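One structure below.
This is a predicted model, so every value here is computed, not measured. Quick note on labels: first sequence line is chain A, next is B, and so on, each numbered from 1.
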Number of protein chains: 2
Amino acid sequence: MTATAEPTPDAPPTQDLLQSLAVLAGAQWRDFQAAAAHEGLTSMQAKLLGQLVRPLPMRELAALLACDASNVTGIVDRLEAQGLARREPDPHDRRVKRVIATPEGRETVRRVRAEMHAVHRALDALDPAERAALYALVEKMRPALEG
Amino acid sequence: MTATAEPTPDAPPTQDLLQSLAVLAGAQWRDFQAAAAHEGLTSMQAKLLGQLVRPLPMRELAALLACDASNVTGIVDRLEAQGLARREPDPHDRRVKRVIATPEGRETVRRVRAEMHAVHRALDALDPAERAALYALVEKMRPALEG
DNA sequence: TATTGTTATACTCTATAACTATA
DNA sequence: TATAGTTATAGAGTATAACAATA
């Protein structure tokens with residue numbers, strides 16, 4: 001028997017890999033929904049709030065959330081009503097409103113991220129080397145994911 | 001300087017890893033929504049349809065979709081109206097209705113999965129060894145994700 | 001009594017189209 | 001005229017509560 005010089009590890013069937021990734025994404029989504037609900041937010045409200053690392057125009061938020069701009073109005077309205085975000089005028093263009101997170105809003109984002117229980121448990125199942133490998137693999141895919 | 005015998009690879013900060021995984025999950029979600037829309041379905045309709053590998057009671061579908069049972073009625077109604085799924089009586093319990101995918105429904109599921117363009121592109125960025133490593137890592141996390 | 005599926009209700013998200021105020 | 005944000009509208013997803021049929 002001729003051993004292959006550098007044995008190619010069995011590449012899993014694409015369907016199996018896609019299924020695994022779907023399980024991971026599904027768990028992340030359920031975690032996020034449950035965490036947001038625990039903080040009194042819908043998943044879209046929490047998702048928008050999580051984008052507010054800096055003041056963002058409504059239009060940019062719509063692009064980041066991959067939804068129509070008209071939806072952003074209502075979502076920001078509800079966040080504003082809960083004191084988690086607010087609108088401010090753009091100094092350079094009076095048509096634009098920039099949305100910013102309040103301190104309470106930023107604290108809520110932190111709590112939601114801390115409440116991703118299944119994902120945190122899953123990462124705890126990996127040792128440091130495995131975590132590093134996972135990170136490297138996803139980062140390698142990232143340009144293709146975003147492009 | 002004392003070199004560590006077996007140098008631990010730098011484990012990335014948990015926040016960075018969570019962020020990477022969020023980018024991956026986000027891309028999968030956008031892919032799925034776009035693919036479902038291309039087939040004339042909402043993401044929930046496509047998600048339910050994808051679960052129908054065997055006849056499933058409404059109640060089980062609600063559990064799989066992590067939503068209330070009352071929602072399943074409407075989603076199945078719309079799939080049934082499009083000829084992609086149908087209800088059949090359960091032979092052992094007359095309270096139960098089992099939902100099954102029609103051949104056209106199964107074909108639609110196949111097309112949706114094939115249209116996950118960004119994810120497929122991302123996997124193409126990995127070589128076979130990397131794919132195998134990714135699969136092994138996610139499978140190692142799986143019990144924690146599902147538990 | 002408990003469970004399955006459904007209906008009614010109210011709220012949120014969603015895209016489309018039309019509107020306003022700026023540019 | 002083009003763009004940013006809003007409003008109005010209709011369809012879909014969502015949880016809650018109440019209901020009929022069945023276990």
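Nearest approach of B:R30 to A:A66, heavy atoms of both residues: CD-CB, 4.0 Å.
Counting non-hydrogen atoms under 4.0 angstrom, B:R98 reaches nothing in the nucleic acid. At the heavy-atom level, B:D93 lies under 4.0 Å from the strands shown only through sugar-phosphate atoms. Contact annotation for A:R59: base contact, defined as any heavy-atom pair under 4.0 Å involving a base atom.
The side chain of B:P57 lies closest to C:dG5 when the candidates are D:dA17, D:dT7, C:dG5. The side chain of A:K97 sits closest to D:dG5 out of D:dA23, D:dA15, D:dG5.
If you take NE2 of B:H92 and P of D:dA21, they are 24 Å apart, rounded to a whole angstrom. Spacing between atom CG of A:L61 and atom P of D:dG5 amounts to 9 Å, rounded to whole angstrom units. Between the P atom of C:dC13 and the CD atom of B:Q33 lies a distance of 14 Å, rounded to the nearest Å. In this structure, A:D68 places its CG atom 17 Å from P of D:dA10, rounding to the nearest Å. To the nearest angstrom, P of D:dT14 lies 15 Å from CD of A:Q45. Atom CG in B:N71 sits roughly 7 Å away from atom C1' in D:dA15 (whole-Å rounding). To the nearest angstrom, P of C:dT14 lies 10 Å from CZ of A:R78. For A:R95 and D:dA2, the CZ to P distance is 13 Å, given to the nearest whole Å.
Hydrophobic clustering, with ILVMFWY side chains joined whenever heavy atoms are under 4.5 angstrom apart, groups A:V99 together with A:L41.
Although no hydrogens or angles enter the test, the distance criterion places a donor-acceptor pair under 3.5 Å between the side chain of B:E130 and the main chain of B:D127.
For D:dT14, the base has no donor-acceptor partner in the side chain of A:T42 [N/O atoms by modelled type, under 3.5 angstrom]. No N or O donor and acceptor, one from the side chain of B:T73 and one from the base of C:dT7, sit under 3.5 Å apart. Under 3.5 Å, the side chain of A:R94 and the base of C:dT22 form no donor-acceptor pair of N or O atoms.
No hydrogens or angles considered: nothing links the side chains of A:R78 and A:T42 as a donor-acceptor pair under 3.5 Å.
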Derivation of the salt bridge (charged side-chain N to carboxylate O under 4.0 Å, His left out) call for A:R87 and A:D77 = CA-CA 9 Å; A:R87 291 164 165 95; A:D77 282 349; 3.0 Å; yes
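Mapped onto DNA chain D by nearest heavy atom, B:S70 and B:G74 fall at different nucleotides, with B:G74 at the one closer to the 5' end. Mapping A:D77 and B:I75 onto DNA chain D via the closest heavy atom, the residue that lands nearer the 5' end is A:D77.
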